[in-house]
Amino acid sequence: MKKKRGMMIGAIVLVVVLLFMTFRTTLFDPLGFRVKQALNISSSTSSDDEPIVFIHGFDGSNWTFFTTTVRYSATNFATRSLTLLVRENGDIEVSGVYDKGMKRPMIRVNFENPRSIIPNNATWFSKAMDMLKTDYGIEKVDIVAHSYGGLTFVNFLQKYNYQADNYPKVDKFTAIGTPFNGSAVSSDGKTPYDLTPTGPKKESAYFKEMMERKDKIPSNLQVLNIIGDLDDGSRSDGPVAVDSAKSCGFYFQQ
């Protein structure tokens, strides 16, 4: 009886291992890298995939991109890596694991105060980027930012990263629902900030500042701007107007 039970357990384990090997994803890769680090084993090869750094928006949290990173891991697109929590005093708490051999390491940057002003967020983000370069040797990253996170990144890029060597270089920037020219939304789809062929009718304070510093945005930065529209007449995704999201086209250099 015990022998049969042992054989059944062995068969089940074998099936699970075979299934994992057949349909394997990067979902469980961090466990393997944790073991390697515990045994002080470093990767002999480096992945060509650049890390993806995620920035949440106003009132965001560790959950903002949680399901995104799990989904990307489950589909073998990328590997869940580090989470950096930047305190208001600039200290950073790190969880997770990073290894140069990971496939597209996904790194989430969170702020202790998710309701602060953009310049504060940019300062805190600069500390996170400095850590990625100094402590982990990361030379290049791609950025994915939601809502105000997009403004945080642009503010950082213009004030801290222009020709700086102490931060990773940024190749690609993806903005998701970012209010580049204010958050005014109206039920009829018309606001004072609507676009004209030459620019917005009215400029927000952040838009004016970004326009004044547009020469500090690298001309080779690749930008993907994802804009939502509820198609309910408001010409918005709810909190962000379509024209506000589109207005970044006037300061990203072509």
Side-chain angles (χ1 to χ4, degrees), residues 52-69 71-72 86 106 108-125 128 142-159 161 170 172-214 216-217 221-254:
I52 305 170
V53 176
F54 295 88
I55 315 171
H56 65 67
F58 184 81
D59 210 20
S61 71
N62 192 45
W63 293 101
T64 300
F65 286 108
F66 177 80
T67 55
T68 300
T69 57
R71 185 170 65 253
Y72 285 173
V86 188
M106 293 181 288
R108 286 176 288 165
V109 176
N110 301 320
F111 304 124
E112 180 182 33
N113 180 359
R115 297 183 176 185
S116 190
I117 58 176
I118 300 301
N120 287 347
N121 292 347
T123 299
W124 296 329
F125 184 67
D142 294 333
I143 301 292
V144 176
H146 174 247
S147 189
Y148 271 42
L151 299 179
T152 294
F153 170 68
V154 174
N155 199 274
F156 156 76
L157 194 66
Q158 293 180 323
K159 293 182 178 179
N161 198 34
V170 179
K172 302 179 184 71
F173 168 44
T174 299
I176 305 173
T178 296
F180 288 106
N181 188 32
S183 300
V185 175
S186 111
S187 58
D188 63 1
K190 298 178 181 179
T191 77
Y193 300 88
D194 288 348
L195 292 178
T196 71
T198 58
K201 294 178 180 177
K202 183 178 180 180
E203 298 179 352
S204 69
Y206 282 130
F207 183 86
K208 289 179 180 178
E209 181 179 340
M210 288 185 286
M211 284 294 291
E212 291 172 356
R213 296 173 178 268
K214 68 178 182 178
K216 296 187 179 297
I217 298 176
L221 178 66
Q222 299 178 56
V223 180
L224 173 62
N225 191 18
I226 300 176
I227 303 170
D229 189 346
L230 295 174
D231 200 24
D232 61 356
S234 68
R235 296 188 66 247
S236 75
D237 63 3
V240 179
V242 169
D243 279 11
S244 178
K246 283 184 174 180
S247 63
C248 68
F250 287 94
Y251 57 82
F252 281 126
Q253 299 177 22
Q254 300 300 317

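- Listed by first and then second residue, the salt bridge (Lys or Arg N to Asp or Glu O under 4.0 Å) pairs involving residues 111-120 are Asp59-Arg115, Arg87-Glu112 (not counting sequence neighbours).
- Taking all atoms of both residues into account, the shortest heavy-atom contact from Ile217 to Leu221 is CG2-CD2, 4.1 Å.
- In this structure, the side chain of Asn181 engages the main chain of Ser204 through a donor-acceptor pair within 3.5 Å.
- Side-chain N or O atoms of Ser244 include none that pairs as donor or acceptor with a backbone N or O of Val240 at under 3.5 Å.
- For the residue pair Asp194 / Thr191, a side-chain donor-acceptor distance below 3.5 Å is found, with atom types taken as modelled.
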- Task: Take Ile55 and Ile143 through the side-chain contact (heavy atoms from CB on, under 4.5 Å) test and state the conclusion after the steps.
- Result: CA-CA 8 Å; Ile55 315 171; Ile143 301 292; 3.8 Å; yes
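- Scanning for ring pair (Phe, Tyr, Trp, His ring centres under 6.0 Å) contacts around Phe58 gives Tyr148, with sequence neighbours left out.
- Residues passing the side chain to side chain contact (heavy atoms under 4.5 Å, CB included) test with Thr196, sequence neighbours excluded: Thr198, Lys201.
- Remark: side-chain polar atoms of Asp243 are not paired, donor with acceptor, to backbone N or O of Gly189 under 3.5 angstrom.
- Judged as a salt bridge (charged side-chain N to carboxylate O under 4.0 Å, His left out), and not counting sequence neighbours, Arg71 has no contacts.
- Residues Val185 and Ser183 are not in side-chain contact: their nearest non-hydrogen atoms beyond the backbone lie 4.5 Å or more apart.
- Pro119 is linked by a side chain to side chain contact (heavy atoms under 4.5 Å, CB included) to Ile117, Lys159, Tyr206, counting only residues two or more places apart in sequence or in another chain.
- Under the 4.5 Å side-chain criterion, counting only non-hydrogen atoms from C-beta, Arg213 is not in contact with Val154.
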Donor-acceptor pairs under 3.5 angstrom involving side-chain atoms of residues 172-180: please list them, not counting sequence neighbours.
| residue | atom | partner | partner atom | Å |
| --- | --- | --- | --- | --- |
| Thr178 | OG1 | Ser147 | O | 3.0 |

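- In terms of heavy atoms, Phe65 sits closest to His146 at CZ-CB, 3.8 Å.
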- Would you sort out whether Leu195 and Phe250 count as a side-chain contact (heavy atoms from CB on, under 4.5 Å), showing the intermediate values? CA-CA 10 Å; Leu195 292 178; Phe250 287 94; 3.8 Å; yes
- Task: Show the numbers, then the answer: is there a side-chain contact (heavy atoms from CB on, under 4.5 Å) between Arg108 and Phe66?
- Result: CA-CA 9 Å; Arg108 286 176 288 165; Phe66 177 80; 3.7 Å; yes
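- Taking the six-membered ring for Trp, Phe111 and His56 have ring centres closer than 6.0 Å.
- For Pro114 against Gly60, the heavy-atom pair with the smallest separation is CB-O, 3.3 Å.
- Applying side chain to side chain contact (heavy atoms under 4.5 Å, CB included) to Trp124 and the options Asn113, Thr152, Asn110 leaves one that passes, Asn113.
- Proximity of Leu157 to Lys216: side-chain heavy atoms (C-beta onward) are nowhere separated by under 4.5 Å.
- Distance alone, capped at 3.5 Å, places no donor-acceptor pair between the Ser116 side chain and the Asn121 backbone.
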- Do Val86 and Phe125 pass the side-chain contact (heavy atoms from CB on, under 4.5 Å) test, and can you show the C-alpha distance, the side-chain angles, and the key distance before you say yes or no? CA-CA 8 Å; Val86 188; Phe125 184 67; over 6 Å; no
